[in-house]
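Here the structure is laid out as structure tokens; the discussion comes afterwards.
This chain uses plain numbering: 1 for the first residue, then up along the sequence.
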Amino acid sequence: MNYHREPSTFVSQVNLKVSNLKQSLSFYQEVIGFKILSQTETKAELTADGKTILLTIEQPDDVKPKQKNTTGMYHFALLLPNRSDLASIVRHFAELNIRFGSADHLVSEALYLADPDGNEIEIYIDRNPSVWSWSGGNVAMATDPLNFNDLLTREQESKWSGLPAGTIMGHIHLHVSQLAEAEHFYTQGLGFEVVNRYGAQALFISTGKYHHHIGLNTWAGIGAPPPAPNSVGLESYLLVLPSEEARNHIIAQLKNIGAPVQEENGYYVTEDPSGNRIQLHV
């Protein structure tokens with residue numbers, strides 16, 4: 001089952017603001033393994049397969065450092081095609097002496113690190129959906145230690161040569177100011193289903209019974225304000241809808257709940273109640 005194509009609604013691209021484009025490009029190429037698809041003096045489009053944009057990084061005028069205790073991005077998550085790819089990037093990080101976190105989420109195995117501006121990144125692989133445990137519409141997830149011994153001994157050593165071509169944007173996890181308000185927007189407006197609740201502080205939503213296309217949390221503080229427009233962090237993310245008909249239906253739902261929708265450069269843009277900008281594509 002491919003959870004990142006129609007009929008699912010999924011995140012395909014994340015657009016970030018950074019403080020120093022040159023510094024960020026060095027990190028995203030040498031450490032993460034992206035290739036540059038296009039570049040100007042202030043912006044670069046990054047790809048794994050040489051044709052699909054997964055990440056854009058832009059240096060705004062008068063840029064401000066990343067602001068704490070605000071809404072915005074908690075992390076974006078790159079989904080690798082194979083477990084051997086995860087083992088390969090672990091060995092690559094070790095060679096570069098890069099510090100990173102890790103977790104076994106039951107549904108996936110994940111690594112965590114931050115770019116030079118503190119924008120958080122997850123790099124993960126999914127376990128086979130046949131071993132995901134569902135109960136009453138909820139999928140079991142946890143934050144257990146990652147078994148590096150099993151990962152590195154089972155997966156044959158291969159030379160790291162950047163992100164594999166099959167890498168996609170797996171999900172995005174966002175800081176929001178009010179969880180109930182965010183849930184209403186994402187379920188009643190954008191049509192996602194809640195598939196996991198983490199107490200009263202976080203929830204995970206998806207379409208097509210994925211473990212999550214989007215995570216939402218209030219860990220930056222309930223009532224957290226949006227960051228300044230020119231501060232480092234999330235600019236927007238792209239949501240791919242299955243058809244023009246589906247997009248029209250979603251736009252009608254968004255307007256029905258009072259969410260803003262406007263047309264910009266030939267596509268539609270909305271904003272969640274916490275100020276996170278979302279581009280609606282087909």
May I ask you to list the residues sharing a hydrophobic cluster with [X], side-chain cutoff 4.5 Å, ordered by chain and number?
X: Leu37; result: Ile53
X: Ile222; result: none
X: Val232; result: Val63

Partners passing ring-ring contact (aromatic ring centres under 6.0 Å, His included) against His92 (at least two apart in sequence or in another chain)
Trp160

Side-chain ([X]) to main-chain ([Y]) donor-acceptor, under 3.5 angstrom:
X: Asp115; Y: Gly118; answer: yes
X: Ser274; Y: Ser177; answer: yes
X: Thr40; Y: Lys43; answer: yes
X: Ser8; Y: His4; answer: no
X: Ser231; Y: Ala228; answer: yes
X: Asp272; Y: Gly275; answer: yes
X: Ser88; Y: Ser84; answer: no
X: Ser243; Y: Ala246; answer: yes

Measure the spacing between [atom1] of [X] and [atom2] of [Y] and express it to the nearest 0.5 Å.
X: Gln59; Y: Asn20; atom1: CD; atom2: CG; result: 5.5 Å
X: Leu146; Y: Phe100; atom1: CG; atom2: CZ; result: 8.5 Å
X: Ser102; Y: Ile123; atom1: OG; atom2: CD1; result: 12.5 Å
X: Leu280; Y: Leu254; atom1: CG; atom2: CG; result: 6.5 Å
X: Phe10; Y: Leu241; atom1: CZ; atom2: CG; result: 9.0 Å
X: Leu234; Y: Leu174; atom1: CG; atom2: CG; result: 6.5 Å

Shortest non-hydrogen contact between [X] and [Y], atoms and distance:
X: Val195; Y: Ser206; answer: CG1-OG, 3.5 Å
X: Pro164; Y: Ala48; answer: O-CB, 3.6 Å
X: Ser12; Y: Val240; answer: OG-CG2, 3.4 Å
X: Val31; Y: Phe93; answer: O-CE2, 3.5 Å

Pair listing, ring-ring contact (aromatic ring centres under 6.0 Å, His included) test, anchored in residues 263-282, at least two apart
Tyr267-His281

Listed once per pair and sorted, the ring-ring contact (aromatic ring centres under 6.0 Å, His included) pairs that draw on residues 13-40, sequence neighbours left out:
none

Set out, in order, the CA-CA distance, both residues' side-chain angles and the distance that settles side-chain contact (heavy atoms from CB on, under 4.5 Å) for Arg247 and Ile250, then state yes or no.
CA-CA 5 Å; Arg247 182 166 66 175; Ile250 291 297; 5.6 Å; no

The test is side-chain contact (heavy atoms from CB on, under 4.5 Å); show your working for Leu111 and Leu86 and say whether it passes.
CA-CA 8 Å; Leu111 311 176; Leu86 193 69; 3.8 Å; yes

Who passes side chain to side chain donor-acceptor pair (under 3.5 Å) against [X], sequence neighbours left out?
X: Ser19; result: Asp117
X: Thr143; result: none
X: Ser38; result: Glu45
X: Thr167; result: none

Ionic contact status for [Y] with [X], cut-off 4.0 Å:
X: Asp150; Y: Arg83; result: yes
X: Asp104; Y: Arg127; result: yes
X: Glu183; Y: Arg197; result: yes
X: Arg277; Y: Glu264; result: yes

What residue pairs, at least two apart or across chains, pass side-chain hydrogen bond (donor to acceptor under 3.5 Å, both in side chains) with a residue in residues 248-258?
His249-Gln253

Over 12 foreign heavy atoms within 6.0 Å of [atom1], [X]:
X: Lys209; atom1: NZ; answer: yes
X: Phe148; atom1: CZ; answer: yes
X: Glu244; atom1: CD; answer: yes

With a 3.5 Å cut-off and no angle check, do the side chains of Asp49 and Thr52 form a donor-acceptor pair?
yes

Check each of Ile32, Leu16, Leu163, Leu25 against Leu46 using the side chain to side chain contact (heavy atoms under 4.5 Å, CB included) test, and report the only one that passes.
Leu25

Name of the residue among Phe204, Phe76, Tyr237 meeting ring pair (Phe, Tyr, Trp, His ring centres under 6.0 Å) with His173
Phe204

Given ring pair (Phe, Tyr, Trp, His ring centres under 6.0 Å), test His75 with His171 step by step and report yes or no.
CA-CA 9 Å; His75 63 243; His171 65 264; 5.6 Å; yes

Under 6.0 Å between ring centres, would you say that holds for His105 and His211?
no

I'd like to check the side chain to side chain contact (heavy atoms under 4.5 Å, CB included) partners of Lys35; sequence neighbours left out, ordered by chain and number.
Thr47

Report the C-alpha separation of Trp134 and Tyr210 in whole Å, then their side-chain angles, then the decisive distance to 0.1 Å, and conclude whether the ring pair (Phe, Tyr, Trp, His ring centres under 6.0 Å) test is met.
CA-CA 11 Å; Trp134 289 87; Tyr210 189 49; 9.6 Å; no

